[in-house]
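Step one of this worksheet: look at the structure below.
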Amino acid sequence: APFTQQAWPSIAACMASEKARFPMTFKQSLVIREACRATYAKYAFGADSNIPAFVSCFTADARWTRPNMVMHGHDEIRAFMEKQLVDNLADSEHGHFTCHQFTTIHFEEVAETHAWVSAYGQVYRERHFSGNLPCPMALPELVVRYRTKFVPQNAEWLIADHTAVHLFR
């Protein structure tokens, strides 16, 4: 069938659908979703090179489930990330170059007390970094599916529960 303007739902229909999924005003829902996206961005940049910023994305009692391991709280998350950094720095005198990216962020549920979000993440890494950019282009080292529960704390939406499933490695 040929494309027609009627193929697109109206703004009113979209907002009605949003209200059914998100029991609050559309504007409140957008503010919460943007806050969760900001935390994902801080997570990605922090995972690249700023462990304190990365850890601050999580609540103090957060649970992070990865293949074959579960971490609870800031201390266990920080220890894991510090070990990852040491392992990555051992491969090159210039260290490593890593880039984390989140894609396809889907909000399953948004409420005033929490948000459940699914997203894909990709990790690009040059283990033998020469110290010069650009790095040679490579395929992602890892593609991950995340399911994350965000909760509001101190004017931010932080990660309370985070599950990572490795799809490609």
Side-chain angles (χ1 to χ4, degrees), residues 9-88 96-125 140-169:
S10 68
I11 296 294
C14 289
M15 290 183 74
S17 173
E18 289 290 308
K19 282 191 174 199
R21 288 178 55 214
F22 309 120
M24 60 185 55
T25 69
F26 187 68
K27 183 177 178 182
Q28 288 171 318
S29 171
L30 289 176
V31 168
I32 292 168
R33 287 188 266 174
E34 188 55 33
C36 295
R37 283 186 187 99
T39 300
Y40 268 155
K42 184 177 174 183
Y43 174 111
F45 282 108
D48 292 343
S49 61
N50 187 336
I51 294 172
F54 180 84
V55 172
S56 76
C57 294
F58 294 85
T59 62
D61 60 347
R63 180 179 65 193
W64 182 12
T65 304
R66 290 177 44 90
N68 304 314
M69 69 184 305
V70 178
M71 292 164 275
H72 295 92
H74 286 172
D75 291 342
E76 290 182 18
I77 293 168
R78 181 181 302 102
F80 171 78
M81 293 302 290
E82 287 172 349
K83 182 180 181 324
Q84 292 292 108
L85 181 62
V86 168
D87 291 349
N88 288 330
H96 68 102
F97 187 79
T98 302
C99 180
H100 287 74
Q101 298 178 337
F102 278 96
T103 66
T104 318
I105 298 170
H106 172 68
F107 288 83
E108 299 171 12
E109 180 183 352
V110 176
E112 292 178 4
T113 59
H114 66 277
W116 279 102
V117 183
S118 289
Y120 291 112
Q122 300 174 346
V123 179
Y124 294 86
R125 188 177 332 268
E141 177 178 289
L142 189 61
V143 177
V144 181
R145 178 163 191 249
Y146 293 103
R147 185 150 194 271
T148 306
K149 180 181 182 183
F150 290 91
V151 297
Q153 282 191 2
N154 303 321
E156 290 185 286
W157 281 71
L158 302 180
I159 298 168
D161 191 353
H162 190 55
T163 299
V165 176
H166 293 179
L167 302 176
F168 295 95
R169 189 168 182 90

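Here, residue 1 is the first one in the sequence, and each next residue gets the next number.
When all heavy atoms of Phe26 and Arg33 are compared, the closest pair comes out as CE1-NH2, 3.9 Å. Taking each heavy atom of Thr59 and Ala160 in turn, the nearest pair found is OG1-CA, 3.7 Å. When all heavy atoms of Arg145 and Ser118 are compared, the pair lying nearest together is NH2-OG, 3.2 Å. When every heavy atom of Ala111 is checked against every heavy atom of Met24, the shortest pair comes out as C-CE, 3.1 Å. In terms of heavy atoms, Tyr146 sits closest to Ala164 at CE2-CB, 3.7 Å. Of all non-hydrogen atoms in Ala53 and Ser56, the two that sit nearest each other are O-OG, 2.7 Å.
Atom-to-atom distance recorded for Glu34:CD and Cys36:SG is 9.5 Å, nearest 0.5 angstrom. Atoms CG and OH, from Leu158 and Tyr43 in turn, are 13.5 Å apart once rounded to the nearest 0.5 Å. Rounding to the nearest 0.5 angstrom, the gap separating the CD atom in Glu141 from the CZ atom in Arg169 is 6.5 Å. Considering CZ of Arg125 and OG1 of Thr98, their distance stands at 4.0 Å, rounded to 0.5 Å. Separating the OG atom in Ser49 from the NE2 atom in His100 is a distance of 10.5 Å, to the nearest 0.5 Å. To the nearest 0.5 Å, the span separating CD1 on Ile32 from OG1 on Thr113 amounts to 8.5 Å.
Side chains of Thr39 and Glu156: a donor-acceptor N/O pair is absent below 3.5 angstrom, by distance only.
Using modelled atom types, no side-chain atom of Glu76 and backbone atom of Gly73 make a donor-acceptor pair closer than 3.5 Å.
The side chain to side chain contact (heavy atoms under 4.5 Å, CB included) test applied to His74 returns Val55, Phe58, Ala60, Arg78, not counting sequence neighbours.
Looking at Tyr120 and Leu167, their side chains come closer than 4.5 Å, going by heavy atoms from C-beta outward. Annotation: side chain of Phe168 is not in contact with side chain of Pro140 (no heavy-atom distance under 4.5 Å). Residues Ile159 and Phe150 are in side-chain contact: their nearest non-hydrogen atoms beyond the backbone lie under 4.5 Å apart.
Centroid-to-centroid, the aromatic rings of Phe80 and Phe54 stay 6.0 Å apart or farther.
Aromatic ring orientation, Tyr40 versus His162: tilted (interplanar angle from 30° to 60°).
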Requested in this report: Check the pair Arg37 / Phe102 against side-chain contact (heavy atoms from CB on, under 4.5 Å), numbers first and verdict last.
Outcome: CA-CA 9 Å; Arg37 283 186 187 99; Phe102 278 96; over 6 Å; no
Side-chain polar contacts of residues 62-72 - donor-acceptor pairs under 3.5 angstrom, sequence neighbours left out - could you list them?
unit_1 : atom_1 : unit_2 : atom_2 : d
Arg63  : NE     : Asp161 : OD1    : 3.3
Arg63  : NH2    : Asp161 : OD1    : 3.3
Arg63  : NH2    : Asp161 : OD2    : 2.6

